[in-house]
Amino acid sequence: MKRIDMEFDIVVIGGGTGGPMAAVKAKQQNPQLKVLLIDKAHVKRSGAISMGMDGLNNAVIPGHATPEQYVKEITIANDGIVDQEAVMAYAANSFDMIQELDRWGVKFEKDETGDYAVRKVHHLGSYVLPMPEGHHMKKILYRQLKRARVEITNRVVVTRLLTGADGEITGVMGFDCRTADFYVIRCKAAVLSTGAAGRIGLPASGYLMGTYENPTNCGDGHAMAYHAGADLANLECFQINPLIKDYNGPACAYVTGPFGGFTANSKGERFIECDYWSGQMMMEFYNELQGGNGPVFLKLDHLAAETISEIEHILHTNERPSRGRFHEKRGNDYRKQMVEMHISEIGFCSGHSASGIWTNARGETSVKGLYAAGDCASVPHNYMLGAFVYGRLCGQNAADYCGGAAKGCIDDGAIAAEEARIGAPLARSEGLTPFQIEYKTRRLVNDYLQPPKITRKYEIGLRRFDEVREDATAMMATNPHELMRAMEALSILDCAEMAARASMFRTESRWGLYHYNIDHPERDDENWFCHTLLSRDADGRMSVRKKAIEPYIVPIDEEERTAYQRLRVERSAAAA
Amino acid sequence: MSIATTLTQAPVVVDESKCIAEKGCTVCVDVCPLDVLAIDMLKKKAFMKYDECWYCLPCETDCPTDAVKVSIPYLLR
Ligand SMILES: Cc1cc2nc3c(=O)[nH]c(=O)nc-3n(C[C@H](O)[C@H](O)[C@H](O)COP(=O)(O)OP(=O)(O)OC[C@H]3O[C@@H](n4cnc5c(N)ncnc54)[C@H](O)[C@@H]3O)c2cc1C
Ligand code: SF4
Ligand code: SF4
C-alpha cells in the first residue's frame, strides 16, 4: 500500500452524471483552477447512465410546462416536504440545460415542427421528453471533459473527507481498487456526486448486484458526508421502485405510458390513475400485491404491433439494454402477455424520492466547501436532468468559493486513522469475507426495515446491525478488489443504521409506502410538517432533529394538495 | 485456515478465439463499472473474475472483436 499525495482546487467525487457536469462547469467558470474528477469505476462507462437513458423524466419546457407548475407538482407529489427554492432552482434552469445538452449532441425526440415532443406521465403536468437515441450520453460527456481539460482519475474509491479547523473541506482520501495505493488529495472544495445508496437492501432474487441502481452506488457518499459532519435530509423517505420482477430494472411506465401501456393487476385492470413513481403510487402497488389482486403487471399486449416494436427498440437498446435478453429467456413477449412486476428493495435517492445529503438551492451542504449534486443530494424527484442542473450549480459555486478560500490545515491524525482503517482487512488472513458482511447486513435490512415500518422490528434491526458492525472488525480482504467490497460493506452498514434511525424519529406516516409506519399510520401535519436532518453528534452518535419547511414561493391550494392521495382508479376501488 | 472456495457459473463469457488481449486490448476490463473482468496473464485472454455483474453490457458493446457475451446472472434469470 503505497501512499500517493496530490493537490487540486476542486475534487469532484463520482463521474457518473452530475459529476462530469460539475467538473466541466467548474473549469469553465474559472479555467485557472485545477479540477479533478475521480471515480471508483471508469468515467467512460460509470454510473446510472452507463448505457444511456430512455428519456428526461422531468423536463420543464416553455409551451409545455412552467417552472411554477413543476414546483407545484413536486411539492404535492412529495407530500409538501420540499424546499421549494431548491426545486425552483432546478426548474428554472431545466430548459437552459436541455438546450446546452442539445448543442453538445444529445438527441431528444422532436415533433414535425422541431419542437420537443413532451409527453404526459405525471398526475398534473407534462414533463417527460423521450430520448430514443439516448445511448450516447456518456460519450458526449466524456468529450466535454476532455475539451474542458478536467483531470480524471479512475478506479479510486473515495472513502473519507478531510476537514480543517473550522470544519471546512481540506481534502479527500481513498484507495485504488486494483493496487490498494492510498490516496491523499488536498483541495479547497469537493463536490459529492456518488449517486444513490442503492445497495442497502437485498434484491428479492438474492443476487447482491441485482439492484435497480448501478451497484457502484452503495452509499459511500452518504457515509463520508455523515463522517465529515454534514446533515442528511429526510432519509426515512426511502426509494422503493416498481420494477420488472427479478430483473429489477425499470419496465418502464414512463416509456410505455404515453404509448398506452399501463400498470395492471392480475385481472388486467388498471388500478392506478397515474404511473409516475411516487410514494402514493407505490402504496397502491403494494396494496394490490397484498390485497389478493396481485401479481402486478405491465400491460402492453393490447397495443398495435408497430407500437410494441417502437417500445422494444427503446427498452432493448438503451439504458438497461439487457431487458431484451431477460424477456427472451423467460419467454416474455410484450405482444402476447403482460410482464410481471414487483416492488424493489429500499434505498436512499433524491433522484427518485427525496432522501439524501442536505443541500440548499446553491448545492451547498452544511459543511463549508462541500457541495452535493444528483441522487446523493436532497433535492426531491431530481432525476437525470436534476443531476445535470445541480452539477452545474455545484461546479460554478465551488469554483467561486475556491477563489476566496485559503488552503486549510491538513489533519495528519485523520489521515493516519484512515490509512489504518483501509489497511486493516488486507492485513488479515482469516476472518469474515466482505460478501458475508454485506449479505447479512442487506438481508437484515429487508427483514426489519422494508416498509411497512414497525418500531419493534426497527429496534431489533438496530441491535443486529450493531452485532454485524462488531463482526466487521474481523473482516478480511485477500486483494484490492475485495478491499473495495469490504469498505463498501462498511458504507452500507452506516446507511442501514441511518435508514433505521431516521425512520424511527418520524412518528407519523407520510409519502405513501416510503414511510408507512404501522405504529403511527396517520399523516400528522401538526407535528411532522417538517424536514428531518440526521447528523453526527458531539459523542460520535447519530442524532436526528426537525427542520422547519422553508416558506413556499409557489402557493398550493387545498384541492391540489391532496391530488396525489387520489391515485386509485375509482372503478377498482368500488370492485375491491 | 477458515476460508472456503465456493464455485459459481459466471454470467459473462469471453470467446477466446476472438479476444485480442494478447495485442494489448483491455477495453472490457477498462469499461466494467464493477471491475469484475480481468486479463488472464498466462492465456492472455479476458475473463470474468468476480461474480458481481450488473448485466449492464458496456463490456459486450465496446469489445472491438465481439468476443464478450453477457447472460443474465442465473439467480435472477
Ligand atoms: C436503471 C435506471 C433508469 C433510470 N431512468 C431514468 C430516465 O429514464 N430518465 C431520467 O431522467 N432519470 C432516470 N434515472 C435516474 C437518473 O439516471 C439519475 O437520477 C442520475 O443519473 C443520477 O446521477 P448521479 O450523478 O447522481 O449518479 P450516477 O450517474 O449514478 O453517478 C455516480 C457515480 O459515482 C461513482 N462513485 C460512487 N461511489 C464512489 C466512491 N466512493 N468513490 C468514487 N466514485 C464513486 C460511481 O462509480 C458513479 O460513476 C434512472 C436511473 C436508473 C438507475
Ligand atoms: S474487449 Fe474484447 S478483445 Fe479486448 S480484452 Fe476484452 S474480450 Fe478481449
Ligand atoms: S455486464 Fe456490466 S457489470 Fe457485467 S461484466 Fe459487463 S460491464 Fe461488467
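Residue numbers begin at 1 in each chain, while the letters A, B, ... track the order of the sequences.
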(Q) side-chain contact (heavy atoms from CB on, under 4.5 Å) for A/Arg325 and B/Ile72? Distances and angles first, verdict last. (A) CA-CA 7 Å; A/Arg325 60 189 71 172; B/Ile72 304 293; 4.0 Å; yes
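- Chosen from B/Val36, B/Leu75, B/Asp35, the residue pairing most often with chain A at heavy-atom distances under 4.5 Å is B/Asp35.
- Between A/Ser322 and B/Tyr55, the closest heavy-atom pair is OG-O, 2.7 Å.
- Using a 4.5 Å cut-off between heavy atoms, A/Gln436 does not touch chain B at all.
- When heavy atoms are compared at a cutoff of 4.5 Å, A/Thr478 does not approach chain B at all.
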Q. Does the side-chain contact (heavy atoms from CB on, under 4.5 Å) test come out yes or no for B/Thr61 and A/His135, once each step is laid out?
A. CA-CA 11 Å; B/Thr61 307; A/His135 48 270; over 6 Å; no
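- A salt bridge is defined here as a Lys NZ or Arg NE, NH1 or NH2 lying under 4.0 Å from an Asp or Glu carboxylate O, and A/Lys44 with B/Asp30 fails to meet this definition.
- For chain A, the nearby parts of B/Asp51 are the backbone and the side chain; heavy atoms of each come within less than 4.5 Å.
- Only the side chain of A/Asn479 comes within contact range of chain B, with heavy atoms under 4.5 Å apart.
- Counted within 6.0 Å of CD on B/Glu22, heavy atoms from surrounding residues, nucleotides or ligands total more than 12; the atom is thus considered enclosed.
- Residues B/Leu34 and A/Thr216 share a closest heavy-atom pair of CD1-N, 4.2 Å.
- Here the shortest heavy-atom pairing between B/Trp54 and A/Pro215 reads CG-CD, 3.3 Å.
- Minimum heavy-atom separation, B/Leu76 to A/Phe326: O-CE1, 3.2 Å.
- In this structure, chain A has heavy atoms under 4.5 Å from both the backbone and the side chain of B/Pro58.
- Heavy atoms closer than 4.5 Å to chain A are found in the side chain of B/Tyr50, but not in its backbone.
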